[in-house]
Amino acid sequence: MDDPLLANLTQAQQDAVLHVDGPLLILAGPGSGKTRVVTHRIANLLRTGIHANRILALTFTNKAAEEMRRRVERLAPGKPVWVSTFHRFCAKLLREHGRLVGLNENFTIYDTSDSQSTLKRTIDLLDIDTGHFTPQQIAHHISWAKNNLIPAAQYQPRPGHPLGAVVAKIYPAYQQALLQANAVDFDDMLLHVAMLLRENPEVRTLLDARFRYILVDEYQDTNLAQYAIVRALSMDYPNLSVTGDPDQSIYGWRGANLSNILEFEHDYPDVNVVRLEQNYRSTKAILRAAATLIAYNKKRKEKDLFTDNGEGDPVRLTTYFSNREEAQSIASRIVSDIRAGRRRPRDFAIFYRVNALSRSLEFAFRDAGVPYQIVNGVEFFQRQEIKDVMSYLRLLNNPSDDEAFLRVVNTPARGIGKTSLKRLAEHARSHRVPMLALAGRAETVEGLGKKPVAALREFAILIDRLSQLTLKPVEELLGHVLSESGYQAHLQASDEAADEERLANVEELLTVARDFDERTPGEGHLEEFLEEICLVNDTDFLDGEEDRVTLMTLHASKGLEFPVVFLTAVEHGLLPHERSREHPDELEEERRLMFVGMTRAQEELNLSMARYREFRGQRRLTVPSQFLMELPVAEFERNEAAENVWHDFAEYPAGPGSSTSDDHHFGDDSHAEQGTDDDGGDISFDVDSFDAPTAPTKSAAAPAPNYALQTAAQLAGHDRSQGAPPAVSPDVFHQGMVVRHPEYGVGKILALSGAGVKRMATVSFPTHGQKKFMLAVSPLRPVKG
DNA sequence: ATTCGCAAAGTTTTT
DNA sequence: CTTTGCGAAT
């Protein structure tokens, strides 16, 4: 076989690649070359003469989309296949067809915190009695309803369900608030598109014909709304191919519906099913252990995982005395492997069930000088100052965005208080008018004081003035926002240390804007900028090339692989998590989670638990995870760093379908130990001969520098060595800087735009007003102080 | 209108 | 042990 698309592929893989028309289900075990098969299949479709714009590939994450796009581009250069996340795809459709569901094309996408505060505001404004339910619980239930295609108008509470009764009151009001603000939450994007396709057959037919070939990745994680969308687009042309692994479904709690994949064959009777069961990633020992565990699940499609890889080291299972010993021992193992030249830091990954467990590992790694990075959630774009500034931009793009209005109307303080805003909000709601519009004629609102009215009107004028600039490059617009809103001055005037950091973050955002501007030449891309920002995740910026040990939750590990994996805290109450105790379905999901974690390992897999674990400030005696009893521990290498705890195991029932007795679980106070401060679990090893401690990089610390600077071409675009060298490099100028001009005197930089020799500055002079300069040739010079 | 202090709660989180 | 949110106090 000399077909390059089929070279080195197994029969099963070739079957999938060569499949053209009709439904296709690819059941792909971990490490089975799934992405390769999918991209090769796309290349094959293109080769048979199918137009690139007839093909749509949907993924869940930006990362996956980017990876797929990259690989398709390599196989079939110059064919712009639409590879997108579900949400981006839906956003695009809604910009085009949103009118059908009551949205203007400039709608705003609310992130979780925006939705949350809209929800709270709605509850507050309508004075709805929520009983003892928290807004989170209500939000979660609304989200559940949306994911299950139940729009507000059709929501019926189940009789006898108090939460349902509360939601029945709030959901419609919340939805109205969103629509009023011309905004959607994440779930809406899917729900709106699903409803739109259901209720507008002509649109559905059109789109079905447009997207003849649809490929869905991670199909086991689709929810009902996503399922409905994909189905609606594959009726006249049922060339739908889905890829997934029921055993790797770990997002059930977010509405993912396992039956979508389990019943795919039922939905499409003529489906071609391909099983990719050969694993190219792990050793036999690792795969065998993982397969043994997952076999305990009942709701699954049985797969026969195998590999031609070697047997490899036995899986290691270590019981430590304490979590501290666990962390230190892992750190020292890593140190010695690196020092011996066997491994590099990036070869290692440490997984845990909950973020809070990263703590002792961090300490141990810092002490041992192990360079590490944590994949977690303190996100750059969620920071207060970034959200504030972004809210200004949002308001400019969508004047109905009440959430953005409320966020910035008194930021910095303009003397507009809570009471005034509540009056304004009530009036705006009852008259169904955006708050910003009402602010412009605040005098018509009863009960507002003189000062607030004046301040509100002035704010409206400010926004109006800034809206004249929305076609400008985002960086420049942002500059004007920062200086003219007084936001930057407010941060600069502050003497709080935190505000200095905020200022730096705002600078970072300017850099992000600049990168965006360079990637998207032309006018009027504000909306795209906003959409891009709210649909990215900070881990999208995590640099896989960094030579660091990676720490992350089991959930975050999906889709990745590492030579050496440490799976920590395999303890009852954590894995499986305590909260899954009641529901058998959730227990199966926990088992899948462990399965996912184990199958990330290529060469070495280390499972560990601690006899005592400090968690939430308390030291507790732990109970081994029941999953350990479902694993072939007899063939493991078992280490007991502390006293023997394995005799306890005899008391536990084992075997499929059984569960541990209820009287031992994490969080059971009867096991709380008090007064022991020293766990004595010290492990000593030579720290000095290793490199100096390296500061950890948090994904949130500085996403911007990597942002969009990943290709050589883009890096080349940054080359500023060409062109006439200015007396002062254009790069020394920054937004808000005070500069001197020989003729106009001293002024302040309002905004910057462009790059290299074309970099422009807008400067405001007290005596001569605003002027624009080309920095490379201008006589502007920074003024010190 | 901010700031401080205390109470309460605390999985996972592709977008 | 944290973080977060709310209410009271300046």
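A, B, ... follow the sequence lines: proteins, then strands. Residue 1 opens every chain. Computation of the quantities below employed the complete heavy-atom set of this structure, encompassing side-chain atoms and omitting hydrogens, waters and symmetry-equivalent molecules.
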Base, sugar-phosphate or nothing for [X]? Non-hydrogen atoms, less than 4.0 Å.
| X | result |
| --- | --- |
| A:Leu357 | nothing |
| A:Phe86 | nothing |
| A:Asp221 | base |

Inset, instruction - Could you pick out which residue, A:Gly417 or A:Phe60, lies toward the 5' side of DNA chain B when each is mapped onto its nearest nucleotide? - result: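 It is A:Gly417 whose nearest nucleotide is closer to the 5' end.
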Using a cut-off of under 3.5 Å, enumerate the N/O to N/O pairs linking the protein to nucleotides 6-11 of chain B.
{"unit_1": "B:dT11", "atom_1": "OP1", "unit_2": "A:Arg616", "atom_2": "NH2", "d": "3.1"}
{"unit_1": "B:dT11", "atom_1": "O4'", "unit_2": "A:His577", "atom_2": "NE2", "d": "3.2"}
{"unit_1": "B:dT11", "atom_1": "O2", "unit_2": "A:Arg353", "atom_2": "NH1", "d": "2.9"}
{"unit_1": "B:dT11", "atom_1": "O2", "unit_2": "A:Arg353", "atom_2": "NH2", "d": "2.2"}

Go through the structure and list residues passing side-chain hydrogen bond (donor to acceptor under 3.5 Å, both in side chains) with [X], not counting sequence neighbours.
| X | result |
| --- | --- |
| A:Asn410 | none |
| A:Thr112 | none |
| A:Asn397 | none |
| A:Asn260 | A:Thr222 |

How many Å lie between [atom1] on [X] and [atom2] on [N], as a whole number?
| X | N | atom1 | atom2 | result |
| --- | --- | --- | --- | --- |
| A:Met189 | B:dT14 | CE | P | 14 Å |
| A:Lys92 | B:dT15 | NZ | P | 17 Å |
| A:Phe381 | B:dT13 | CZ | C1' | 18 Å |
| A:Gln136 | B:dT12 | CD | C1' | 15 Å |
| A:Gln248 | B:dT14 | CD | C1' | 14 Å |
| A:His490 | B:dA1 | NE2 | C1' | 12 Å |
| A:Leu421 | B:dT2 | CG | P | 11 Å |
| A:Leu58 | B:dT15 | CG | P | 14 Å |

Legend entry - C1'-based separation of B:dT12 from C:dG5 [nearest Å]: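 Between the two C1' atoms, the distance is 23 Å.
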Inset, instruction - Please state whether the phosphate of B:dT13, meaning OP1 or OP2, lies under 4.0 angstrom from any side-chain nitrogen or oxygen of A:Thr553. - result: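 A:Thr553 to B:dT13 OP1/OP2: side-chain N or O found under 4.0 Å.
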Legend entry - Any A:Asn62 side-chain N or O less than 4.0 Å from OP1/OP2 of B:dT15: yes
For [X], all residues meeting salt bridge (Lys or Arg N to Asp or Glu O under 4.0 Å), sequence neighbours excluded:
| X | answer |
| --- | --- |
| A:Glu501 | A:Arg383 |
| A:Asp401 | A:Arg394 |
| A:Lys299 | A:Asp585 |

Inset, instruction - Report the relative orientation of the aromatic rings in A:Trp253 and A:His555; use parallel for angles under 30°, tilted for 30 to 60°, perpendicular for over 60°. - result: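 Perpendicular.
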Legend entry - Span of DNA chain C in contact with chain A (heavy atoms, under 4.0 Å):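 The protein-touched segment is C:dC1 to C:dT2.
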Inset, instruction - Answer yes if the ring centres of A:Phe351 and A:Phe566 are under 6.0 angstrom apart, and no otherwise. - result: no
Legend entry - Cation-aromatic face contact A:Arg95/A:Phe107, 6.0 Å, 45 degrees: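 Relative to the ring axis of A:Phe107, which defines the angle, A:Arg95 lies inside both limits.
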